[in-house]
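Below: one structure, written as C-alpha cells.
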Amino acid sequence: MSDPITQPRLGLVGWLRWMWRQLTSMRTALFLLLLLAVGAVPGSIWPQRSIDAARTATYIADHPKSGPWLDRLGFFEVYASPWFAAIYLLLFVSLVGCVLPRSKVHWKAMRSSPPKAPARPARLPANGTFEVTAAPAAVVDAARETLRGSRFRTVAHDETSVSAEKGYLKETGNLVFHLSLIFVIIGVAIGHLYGWKGDVIVPVGKSFANTLANYDTFSPGPLVDPASLSPFELKVDQFDATFEENVTGRGQFGSPRDFTAHVTTKATPDAPAQKATVKVNHPLEMKGAGVFLLGNGYAPVITVRDAKGAKVYSGATPFLARDNNYTSVGVVKVPGAQPEQLGFSGLFLPTATIGKDTGPISVFPDLKKPALALTVYEGDLFPGGRPQSVYLLDTAKMTQLQNAKGDPLRIWLEPGQTYQLPGGKGSISFDSVARFAGLSIRHDPGKFVTLAAALLALSGLIASLVIRRRRVFVRVSPGAVPGRTVVTVGGLAKGDDDGLQDVVDRVVAALEARFTVDPDAGTDPDPDHDPDPDHDPAPEPEMDSRLDARG
Amino acid sequence: MTNESLAGYANLSLYSAMAVFTIAMVCHAIYLAALLPARDQLRGQAVDRDSELVTAGAGAGSGVGGPPLPTRPTEGELSSRARTAAGIAASTTWLGGFLLVLSVALRGLAVHRWPLGNMFEFAVMGSMFTVLAYSIWSTRRDLRWLGLFITGPVLLVLGMAVAVWYTEASELMPSLRSYWLVIHVTVATLATAVFTIGAALTAVYLLKDAFERSGRASVLDRFPETPAIERTAYSLHIVAFPLWTFTLIAGAIWARQAWASYWNWDPKEVWTFVIWVVYAAYLHSRATSGISRQTASFIALAGYACIIVNFAVVNVFFVGQHSYSGL
Ligand code: HEM
C-alpha cells in the first residue's frame, strides 16, 4: 500500500482564490475566446426569431423532430440564449480580473525608472562592443544624451552604466484596448435598456405621428417609457423607385437601383413644416430618433361600395411584397359591408402575368401592367374580438364566395375597373396605385458610447501592436591600454522584436561617431571573467511577455 | 449607365493577368525545383542557418553546432536555371499585378462607381492587393521561396471569380450606394489580402515544421528557418488584425446608416465577428505560456478558414441582409 498523497487542504477562500486565478488566466481567456467564436456560428446557420420570426416558425414546422429540441436549446435565439450570455459574461469577468491588476502594475512601472544595467550587457539578445579613446565618464554622458535623443527614459544607477527604456505606451495601449471592450459592452447594454424601435408603413399622401399607437410593430427596451416618445410628425409626399431595365445579366435585370421618399416633417405638431428626403443609406435624423427607409411596396387604392352605391371602404391599402418582383399579398377588411362583413384577400402584381405553374405572378418590380387578383369572404371579420394583423384575414368565421359553377370566386381587376359582387353584395373598384414607404424608426442612446469605445479600442490596439517596449543598457569598463574605454551595449525587448539589433547598432554607431574608435576591439574584453555574476541579465519578468502572461 | 466596351476591356485585362500568373506560377515552381539539386553540393559547407528574414545584421551563428544542414543558398550558389526562373517569376508577378490594377480601374470606369459591388469584384480586387503586397514586399526581402504559395491561390481565386462568381458590369443596388462601401469593403479586402499572405506563410511554417520533425529532406530545407517564418507570419497578422478591427467598426457604422441598427447579427456580421475573435485568440495564444507556436499557427489557419467560409459560403448560401453576391 502506498501512502495517500497528502494534499494541502484548501479552505473555501482558498478554493475561491484558485477558481478566480483559473478564470483570469490567459489560458481561460483563450479558451473562452474560441468558445465565443464557436458559439456565435449557429446563429448564422439557423434562422433567428428576432430577425425573421416567420422563417423560424416555418423551419420548426418543417423539422418536427429536431426543431423543438433546437428551440429548447436556444438555437433560434442564439444571441439571447443563456449559454451564449454565459460565455461572454465569463469572458468579460476574466477580462476585468486580468486587466485591473495589470493596470496597477503598469501604473507603477510607468513611474519607476529603468532597472539597473546587467553586469554584462554583451550577453543580452542584441548587443555590441567597441573600444574608444575617451574617459569612461565622458562615454557615459554621451550614451545618456544619445539615448535621450532617441526618446528613451534613462537613468544611471552607477558611474559606469546607463539604463534606458522606452515603449511604455505599448502596455498602455494593450490596457486601453481591453478596458475599451468593456465600454463597448456598456454602450450595447444602454441601447438595449433605453432604446426602442418601431416599424410603420406610410403610403404616399399619408402622415405619421410618432406615438406608440401609430406603429405597426414597436419593441421598446425594458426601461423605456412609451408615453414619452418625441412628438414629431412626418408626411410622405412622394416616393421614387427605379429598377434596372437595361442590363439583362443574371441577377441584375429588375434589381432595385434607387428608392427615395420625399417627406414633410414637423419636430412637434406646432412646429414649422420642413421638406426632407429619406433614402436607403441616408436616414433622416429627427430629434430623439432616426428615421430609416427599409422597405417599400405598393398600396392599391381600392373602393368598396354597398348595393346602393354608398362607399363602405376607400383607401390606399398596402400589400406586402413577397418576392423581388413585388408579387405582393394583402387583404381588404370591410367591417361596414351589408348584410355581412366582407373580407378580400389576394395578390397585387405590378407587372402581372398568369404563369402555367405559378398562377398569378409579377415578372418585374415596376408598375408595367398592374393587376389585383382577389378572392372574397363574408362573415365575421373579427371572431372573438381578438387582435389581429392588418395583413391577414382570419377566415375561421367566414365563408368564401363562389361563382355559378361552385368554384371559389376569383376577381381580376386592372386600374379603373370595377367588379360587381354576386347576390347584391355591392362592388369593388381598383382606382389607382400608390407606393408606400416602409419606415423603421429607432432610438439608441448607447450608440455613441459604443462607437467611442470601439475607436478607443482600435487606437489602443494599434499602439500595443506597433510600439516596441525596449531596454538598452550601456556599460563602460577600462580598456587594456590606459586612456581607453571598452563600451558594451545590450538590448532587451518584450516579445519578438526583429528590430532590436538595429536599435543597438544605431546606439553603437552614434557613440562611435563621437569618439576615436580603436578598430581592433569589438569583442567582450574578457569573456571568461564575470565581475558580477549575481547581476546576469535574467530577463526581467515584466519585459518577457511569456512571463507576465499568466497561465 | 454602364459602359459595355470598357467592361469588356476590363475582362480582357483580367484574362491576360491570369495567363501571366500562370507563367509566374510555373516559374516559381521551377525555381523551387531548381533549388533541390544544389543541396548535395552544399553538404559539408560551412553553414549559416540564420535567415535573411530574421533581420539584416542579426547576430551571426545562432545555429552553430549540430550537423550541417542544407540551408538557404546564397545568390552565388543558385543555378543559373533557378535564377532565370526566379527572375521571370518576379517580373511576371509584377506584370500580372499591374494587369489586375488595370482591370479593376477599367471596371470602375465602366460602371461609374467603386468596383467592389459583388463577389466577382471582391475577388479581383482582393487578388490585386495580395499580389501587389507580395511584390512590393519582395523588393525588400528575398521572398522567391514564397511565390508559388501566393500565385497559386491567387490564380485559383481568379479562376473561381471568372467561372463561378462572374457578374456583369452594372450599377449598385441602393443599399450599397454609400461612401462606406469604399471605406469598409476596401479595407476588408486589403485585410483579407494581408491575412492571405499570413496564412500562406503559416501553412509553409507548419509544413516545414512537420517535415523537420519527421526528419525527411525536402525543398523546404532551403526556406528560411521555421521560427523566422513563424515570426514573419505573426508580423503580417498584426498588420491585418487592426485592419479587420477597423472593417468591423466601419461595417457597424454603415449598418446603422443602412439598416437602422449598427449590429443585427446578420450572418455576414456574425462571421466577420467570428473571424475577429479567432484572430484575437491567435494573438492571445502567441502570448500565452504553454501554448506552442504550432498550436497558435493552427488557430491562425482556423481564422483563415473562417475568412474563406465568410466569402465563399455565407455570401451565397446564407439568408441575410448582405445579399450582394450578385449571383
Ligand atoms: C473580450 C475578450 C478579449 C479580446 C477580444 C482580447 C483581445 C486581445 C488582442 C487582440 C490582443 C493582442 C494585442 C496585444 O498584443 O496587445 C490581446 C492581448 C492580450 N490580452 Fe486580451 N483579449 C480579451 C480578453 C483578455 C483576457 C480575459 C485577458 C486576461 C486573462 C487578456 C489578456 C491579454 C494579455 C496579457 C495580452 C498581451 C499579450 C502580449 O503581451 O502580447 N485578454 N488581447
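Convention: sequence-line order gives letters A, B, ...; per-chain numbering from 1.
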Give, as side chain, backbone, both or neither, the part of [X] having an atom under 4.5 angstrom from any heavy atom of chain B.
| X | answer |
| --- | --- |
| Val78(A) | neither |
| Thr450(A) | side chain |
| Asp258(A) | both |

Throw together a table of side-chain donor-acceptor distances under 3.5 angstrom for residues 451-461 of chain A, partners on residues two or more places apart or in other chains.
residue   : atom : partner   : partner atom : Å
Ser459(A) : OG   : Leu455(A) : O            : 2.9
Ser459(A) : OG   : Leu456(A) : O            : 3.0

At what distance, to the nearest 0.5 angstrom, does [atom1] of [X] lie from [atom2] of [Y]?
| X | Y | atom1 | atom2 | value |
| --- | --- | --- | --- | --- |
| Glu244(A) | Glu168(B) | CD | CD | 9.5 Å |
| Leu32(A) | His284(B) | CG | NE2 | 11.0 Å |
| Ser261(B) | Lys197(A) | OG | NZ | 7.5 Å |
| Tyr79(A) | Asn264(B) | OH | CG | 11.5 Å |
| Leu283(B) | Leu465(A) | CG | CG | 6.5 Å |
| Ser289(B) | Met26(A) | OG | CE | 8.5 Å |

Minimum heavy-atom distance between [X] and [Y], given as atom pair plus value:
| X | Y | value |
| --- | --- | --- |
| Ala40(A) | Val274(B) | CB-CG2, 3.8 Å |
| Arg256(B) | Phe292(A) | O-CE2, 2.8 Å |
| Ala258(B) | Leu294(A) | O-CD2, 3.2 Å |

Check whether [X] gets within reach of chain A through its side chain, its backbone, both or neither, counting any heavy atom under 4.5 Å.
| X | result |
| --- | --- |
| Ile249(B) | side chain |
| Phe246(B) | both |
| Ile275(B) | neither |
| Ser235(B) | neither |

Leading residue by heavy atom contact count with chain A [cutoff under 4.5 Å; candidates Trp276(B), Trp265(B), Trp263(B)]: Trp265(B)
Trace of the side chain to side chain contact (heavy atoms under 4.5 Å, CB included) decision for Leu34(A) with Ile299(B): CA-CA 9 Å; Leu34(A) 289 172; Ile299(B) 298 178; 4.2 Å; yes
Residue, of Thr242(A), Ile462(A), Val41(A), that accumulates the most heavy atom pairs under 4.5 Å with chain B: Val41(A)
Polar contact flag, side-chain donor to acceptor under 3.5 angstrom, Asn281(A)-Trp254(B): yes
Tyr304(B): partners by ring-ring contact (aromatic ring centres under 6.0 Å, His included), with sequence neighbours left out: none
